[in-house]
Amino acid sequence: MIELFIAFFRSLAPVFVLMMIGMGLRRIGVVGTRGTNILSKAVILFFFPVLVFHRLASTADPNQLLENWIIHVWAFVILIGSGLIGYLLLKASRTSADARTFVFLVAFPNWIYLPLALAGPIWGDEAVRLLILFNIPTQFILWTVAIWVLHGTMKGAHAIRYMLLNPGILSAAAGLLVAFQIVPIHLTTEGVGWSVAGLNPILHFIGGLTVPLSVVALGLYLGERVPVREGALGEVMLVIAGRLFIAPVILIGLVLAATKLGVPSTQMVRWVLYLIIAMPVAVSAPLFAEMFKRDRHLAARGVVATTLVGLISSPVLVVGAIQCEIWMGIATAVTGP
């Protein structure tokens, strides 16, 4: 178990360095709000979709994509469950925070960028593949339920655009079509249909930039000087409590209980779920808050505070959940790649 702690903090070291670079660039004025939003949008709208497409399209055995179907179910349970926990916490606390922004912050952890930076080095390519699979239903939830939470409506033609014409859904759909040879192209020199093997290294390079650029973008948000108003500290503390402690403890307990009762899942699926559940607020939260005229400052403060606290709390929660598996007889050993 000590080895797993060490692996977590070893993986966090380059993440921390990149965040500090982004934070420094923002604080000294090299990059402003516009530059931060441009980089964040580039990651969300270009680099990450390329990563998703490449990972899915280059899957050697596409049947692997069907084996872990349970992770799609858990994506709905975790995200909807976190949102409900956020809503109940909001009602119980009587906070002055913007309700829709608060629920969004608790509901949506950093489900892909930070986990990618941690899971790959610790658990290998299998964990990365599972994160990509978790992302597929998450994109649907993000551009439907989350938009409804922030925007207050999904009526009109824009609903179809949000649901079907967003980069996350399109890149996942394209990757699956290629992986299952419905579209007869392939990224290797062997296969049925048209070979585009020449694009493989380019897509690999572009997709590989997703994690470092997203972490730098996170640092840029950390470096933002957010105006402090009365009651802001209490709102942020409540976001920290909901996103990093209350929701994770409840949902990790739910995964453990479901597994003990016989709900099928592999050990790696559960460990990836624990990692996602324990993550801080999604780095894209300020961007979405601004897009739908919600409290961008609360979103930015939520990202900053939960990320800083999460550097310690997230590894502790994940390792604690794995230790619980061992105590309960669900897992017998802590293994890595």
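Counting from 1, the numbers follow the sequence of the chain as shown.
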Pair up each side-chain donor or acceptor in residues 207-218 with any protein partner under 3.5 Å, not counting sequence neighbours, and list the distances.
unit_1 : atom_1 : unit_2 : atom_2 : d
T210   : OG1    : F47    : O      : 3.0
T210   : OG1    : G207   : O      : 2.9
S214   : OG     : T210   : O      : 3.0
S214   : OG     : V211   : O      : 2.8

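- With sequence neighbours left out, the side-chain contact (heavy atoms from CB on, under 4.5 Å) criterion links I182 to L177, F180.
- Closest approach of S265 and V269 over heavy atoms only: CB-CG1, 4.3 Å.
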Determine, stepwise, if the pair F134 / I112 fulfils side-chain contact (heavy atoms from CB on, under 4.5 Å).
CA-CA 9 Å; F134 186 94; I112 192 71; over 6 Å; no
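- Aromatic ring orientation, Y113 versus F48: perpendicular (interplanar angle above 60°, classes split at 30° and 60°).
- Other residues, nucleotides and ligands contribute more than 12 heavy atoms inside 6.0 Å of the CE atom of M328.
- With hydrogens and angles ignored, the 3.5 Å screen pairs no side-chain donor or acceptor of S40 with any backbone N or O of T36.
- The two residues R27 and G223 come nearest to each other via the heavy atoms NE-O, 2.8 Å.
- For the salt bridge (charged side-chain N to carboxylate O under 4.0 Å, His left out) condition, the pairs that include at least one residue of residues 251-272, sequence neighbours left out, are R270-E325.
- Using modelled atom types, one finds a donor on one side chain and an acceptor on the other under 3.5 Å when comparing R26 with T33.
- F104 and F108 have parallel rings, their planes meeting at less than 30° on a 0 to 90° scale where 60° marks the start of perpendicular.
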Pairs of donor and acceptor atoms involving the side chains of residues 80-89, under 3.5 Å and at least two apart or interchain, shall be tabulated with distances.
unit_1 : atom_1 : unit_2 : atom_2 : d
S82    : OG     : I78    : O      : 2.7

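- Applying the side-chain hydrogen bond (donor to acceptor under 3.5 Å, both in side chains) criterion to T266, with sequence neighbours excluded, gives no partner residue.
- Defined by atom type and a distance below 3.5 Å, a donor-acceptor pair is present between the side-chain atoms of Q139 and W143.
- Between the Q267 side chain and the W271 main chain, no donor and acceptor come within less than 3.5 Å of each other.
- Contacts of T101 classified as side-chain hydrogen bond (donor to acceptor under 3.5 Å, both in side chains), with partners at least two apart in sequence or in another chain: D98.
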